[in-house]
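Have a look at the structure below before the remarks.
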There are 2 protein chains.
Amino acid sequence: MTSYEQLLQVLRDEGHRLTPQRLIVLRVVAEGRQHMGVDEVFREAQSAYPFMDLATVYRTLRLFKQVGLVTEVAIGDRLHYELTHPEDRHHHMVCRVCHGAFNLSPHYLEEFNRTLVNEFGFVPDLDHFAITGVCVNCRPESSGEVGIGSEEFTLNEDVP
Amino acid sequence: MTSYEQLLQVLRDEGHRLTPQRLIVLRVVAEGRQHMGVDEVFREAQSAYPFMDLATVYRTLRLFKQVGLVTEVAIGDRLHYELTHPEDRHHHMVCRVCHGAFNLSPHYLEEFNRTLVNEFGFVPDLDHFAITGVCVNCRPESSGEVGIGSEEFTLNEDVP
DNA sequence: TTCCTTTTTGCAATGAGTTGCAAATACTTG
DNA sequence: CAAGTATTTGCAACTCATTGCAAAAAGGAA
Ligand SMILES: [Mn+2]
Ligand SMILES: [Mn+2]
Ligand SMILES: [Zn+2]
Ligand SMILES: [Zn+2]
């Protein structure tokens, strides 16, 4: 798919300098799991480059988001990042109880999106969205069959 | 509608103590505008009770939310509170550019809500929701007619 | 390579929000 | 009304995220 070299070219093309810090953060995010929290990126990056500063990680991730290399999603009150895969747009349902995160096809928000645009002229930020709630496994009385179409992964950080 | 005395009874009924701090925060929220930010509540409360501490305001608002007296909404990355009006459920569209906030009927999220419950058994938190985006006035090319049904108010705090 | 300019970094300070804890106090009971 | 107890408060310390600024370094030109 998008190789590491191609990703670097995106930075060069927009006139950004290729510092060791940026190369490492990019590698960490590219090789990491889905939705890494900032502190997780920081720890991994620091182990490869001990002088790495947390402020640099924040600035670097913000830059990567600006140029489209990574996608940001707010889960709970923390920001998480993953490499952008244009062919795999998705949203999330995040369980408030078990912190599990389930992927959700963009299809489920398309009508909502269209309605806001058509009725109010409001263009919502619905690129990569996370809605909190309670998942089927954590519901008080485990009633209700689950349909197809959702794929779970688990966050390895606590989300408040 | 719900008088101040009735609100106090809710606290008493659940075994919470009626401290001067709580009475004042409740009065401030009850008499304040929609969606007061915490620091705004703090300032008003402090002017009525100079010993008021910011931590107490945070704890008090969290308690009021727990017992249902107030409704919380995250706008940008700050929490805002307003007195709960069960007969006036609504969501918001918040403009990233001008920070204007528009009310949105719950009706627009009902289908989305139902779909998540039915297809995935996921019960989303859609009590009082705010979606960010760009409002019709702030869109690059001002195309598109605005329908009826949205009512604007302006936040008087900057939201990042 | 060396020099120059501009960007980027590391560090320290800041701000919002949360938490532990001892002192204060609201409510209960006599 | 006084005393006892459990809750609540104020304060200070702490965390997470952001920002100003001087020092470091990337990239371009000679
Ligand atoms: Mn995702
Ligand atoms: Mn509201
Ligand atoms: Zn769950
Ligand atoms: Zn606007």
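Values in this document were obtained by computation on a predicted structure and should not be read as measured data. Just so it is clear, the values below take in all heavy atoms, side chains as well, and ignore hydrogens, waters and symmetry mates. A, B, ... follow the sequence lines: proteins, then strands. Residue 1 opens every chain.
dT18(D) atom C1' lies 14 Å from atom NZ of K65(A), rounded to whole Å. Rounded to a whole Å, the CG atom of L54(A) is 12 Å from the C1' atom of dC11(C). Computed from coordinates, the I75(A) CD1 to dC16(D) P distance equals 17 Å when rounded to whole Å. Separating the CZ atom of R78(A) from the C1' atom of dA16(C) is a distance of 14 Å, rounded to the nearest angstrom. Straight-line distance from the CG atom of L8(B) to the C1' atom of dC27(C): 15 Å, rounded to whole Å. For the pair E40(B) CD and dA16(C) C1', the computed distance is 16 Å after rounding to whole Å. Between the CG atom of L23(B) and the P atom of dT25(C) there is a distance of 15 Å, rounded to whole Å. Straight-line distance from the CZ atom of F42(A) to the C1' atom of dT9(C): 13 Å, rounded to whole Å.
Between M52(A) and R59(B), the residue whose closest nucleotide on DNA chain C is further toward the 5' end is M52(A). Between A55(B) and F51(A), it is F51(A) whose nearest contact on DNA chain C lies nearer the 5' terminus.
For H91(B) and H128(B), the gap between ring centers reaches or exceeds 6.0 Å. Ring centroid separation for the pair F129(B) and F112(B) does not come in under the 6.0 Å cut-off.
Judged by distance alone with a 3.5 Å cut-off, no donor-acceptor contact links the side chain of R62(B) to the base of dG17(C).
Note on R22(A): only backbone sugar-phosphate atoms sit closer than 4.0 angstrom, heavy atoms only; bases stay farther off.
A donor-acceptor contact shorter than 3.5 Å links the side chain of Y4(B) to the backbone of L23(B). Of the possible polar contacts, one joining the T84(B) side chain to the L69(B) backbone as a donor-acceptor pair under 3.5 Å is found. One N or O on the side chain of Q6(B) and one on the backbone of S3(B) form a donor-acceptor pair closer than 3.5 Å.
Sorted by residue number, the members of residues 12-21 of chain A with any non-hydrogen atom under 4.0 Å from DNA chain D read R17(A), L18(A), P20(A).
Under 4.0 angstrom from either OP1 or OP2 of dA17(D) there lies at least one side-chain N or O belonging to Y58(A).
Side-chain polar atoms of R43(B) and Q46(B) form no donor-acceptor pair below 3.5 angstrom.
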### Task
For the pair L61(B) and V29(B), evaluate side chain to side chain contact (heavy atoms under 4.5 Å, CB included) and give the outcome as yes or no after the intermediate values.
CA-CA 9 Å; L61(B) 290 172; V29(B) 173; 4.0 Å; yes
